[in-house]
Amino acid sequence: MVFARLFLLVAPLFLTGCLLAPGAFDARMTVDPSGAFTFSYQGEAIIVPTDDDDEDESAGKERDEAGQDDFGRSMDSAMRELNQTLMGGIDPRDEDSLRAFAARLEERRGWNSVEYQGEGVFMVDYAVSGRLDRDFLFPVLPDFLLLLPMFVASPLDDGTVRIEVPALMGPPGDNDDEGPTPESRGGGRFTLVTGADIVSENSATGASVMDSGETELSWTSAEEREERPAAVLLLDRGSA
């Protein structure tokens, strides 16, 4: 019983914190029939507070003003510490902490440059290559326990790979008081170029064949949609 009550107190903490969301960006992925790929992302990444994060801060201020007991203040402190743990130790409300986070990212493979612009906005230049013999996610951040990927590529046993772009589904919230959001800062574009067979795709303009013989698909944040931008490719298992 004691454990159950403690869980009810702690569980809501895991729903608080901040998210790293896309701002204005240009992303590109090429996939050849063998599954070899390149991926690049140039543009903004934004620390966006969730609604619960703002509510927790307001509740903490109300408790301080009301002179509540030590338990309430301890819970506030626990929430802040847990949020920082979920966010890899960074304090999303502290500018120095965010600058240090940018420096940490630049030490990792693929993060060619990460410049902190202020107000939770980072300018990112990222590029990586590899093979789709396992799931690919972007971003993967050091020590983050709370993360919503912007791009996902998932290979399946039947030889297909499904590529999805949650980054183009809009910001986590539409509250103007939350600060800068992807919609307010500009649009995003994702381009997929492939020589593999396309099983399905849901781009607004459809596939176009390039001079190289490869097929190009593109999605933008300006397009209205009810489902994630996605494409399913059939890889050539016999390719080296």
Exercise. Side chain to side chain contact (heavy atoms under 4.5 Å, CB included) with D96: which residues, sequence neighbours excluded?
Worked result: D94, R99
Problem set entry | Validation row: P139, W111 side chains within 4.5 angstrom (heavy atoms) | yes
Exercise. Taking C-beta and beyond as the side chain, do V232 and V161 meet within less than 4.5 Å on heavy atoms?
Worked result: no
Exercise. Out of curiosity, T160 OG1 to I163 CD1, how far, rounded to the nearest 0.5 Å?
Worked result: 10.5 Å
Exercise. What are the two closest heavy atoms between P155 and D135, and how far apart are they?
Worked result: CD-OD1, 3.4 Å
Donor-acceptor pairs are to be reported for all side-chain atoms of residues 188-196 against protein atoms at under 3.5 Å, with residues two or more places apart or in another chain.
residue	atom	partner	partner atom	Å
T194	OG1	V31	O	2.7
T194	OG1	A196	N	2.9

Exercise. Is there a donor-acceptor contact under 3.5 Å linking the side chains of R131 and S34?
Worked result: yes
For this session: For side-chain contact (heavy atoms from CB on, under 4.5 Å), just list the numbers for I198 and T215, CA-CA rounded to whole Å, side-chain angles, deciding distance to a tenth of an Å, and then say yes or no.
Result: CA-CA 9 Å; I198 299 174; T215 303; 3.5 Å; yes
Problem set entry | Shortest non-hydrogen contact between S203 and S218, atoms and distance | CB-O, 3.4 Å
Exercise. Shortest non-hydrogen contact from A230 to E164?
Worked result: CB-CG, 4.0 Å
Exercise. Below 6.0 angstrom between ring centroids: does that apply to F122 and F101?
Worked result: yes
For this session: Scan side-chain atoms only and decide if D26 and Q42 contain a donor-acceptor pair under the 3.5 Å cut-off.
Result: no
For this session: May I ask you to test the M150-P166 pair for a side-chain heavy-atom distance under 4.5 Å?
Result: no
For this session: Enter the distance from F151:CZ to Y41:OH here, rounded to the nearest 0.5 Å.
Result: 6.0 Å
Exercise. Out of curiosity, L233 CG to L132 CG, how far, rounded to the nearest 0.5 Å?
Worked result: 8.5 Å
Exercise. Which class fits the ring pair F138 and F39: parallel under 30°, tilted 30 to 60°, perpendicular over 60°?
Worked result: tilted
Exercise. Nearest heavy-atom pair of M29 and A153: which atoms, and what distance?
Worked result: CE-CB, 4.1 Å
Exercise. Can you tell me how far the OG atom of S208 sits from the CD atom of E216, to the nearest 0.5 Å?
Worked result: 4.5 Å
Seminar exercise, completed: CG of N112 to CG of D125, rounded to nearest 0.5 Å, is 4.5 Å
Problem set entry | Any Q117 side-chain heavy atom under 4.5 Å of E115 side chain | yes
For this session: To the nearest 0.5 Å, tell me how far F136 CZ sits from S154 OG.
Result: 11.0 Å
Exercise. Any chance the side chains of W219 and N202 put a donor and an acceptor closer than 3.5 Å?
Worked result: yes
For this session: Work out which heavy atom in M169 is nearest to a heavy atom in P229; give both atom names and the distance.
Result: SD-CD, 3.9 Å
Problem set entry | Basic-acidic side-chain contact under 4.0 Å: R225, E227 | no
Problem set entry | Derivation and outcome, side-chain contact (heavy atoms from CB on, under 4.5 Å), residues I47 and Y116 | CA-CA 11 Å; I47 294 288; Y116 183 58; over 6 Å; no
For this session: Could you pull out the closest heavy-atom pair between L235 and G35, with the gap in Å?
Result: CD1-CA, 3.8 Å
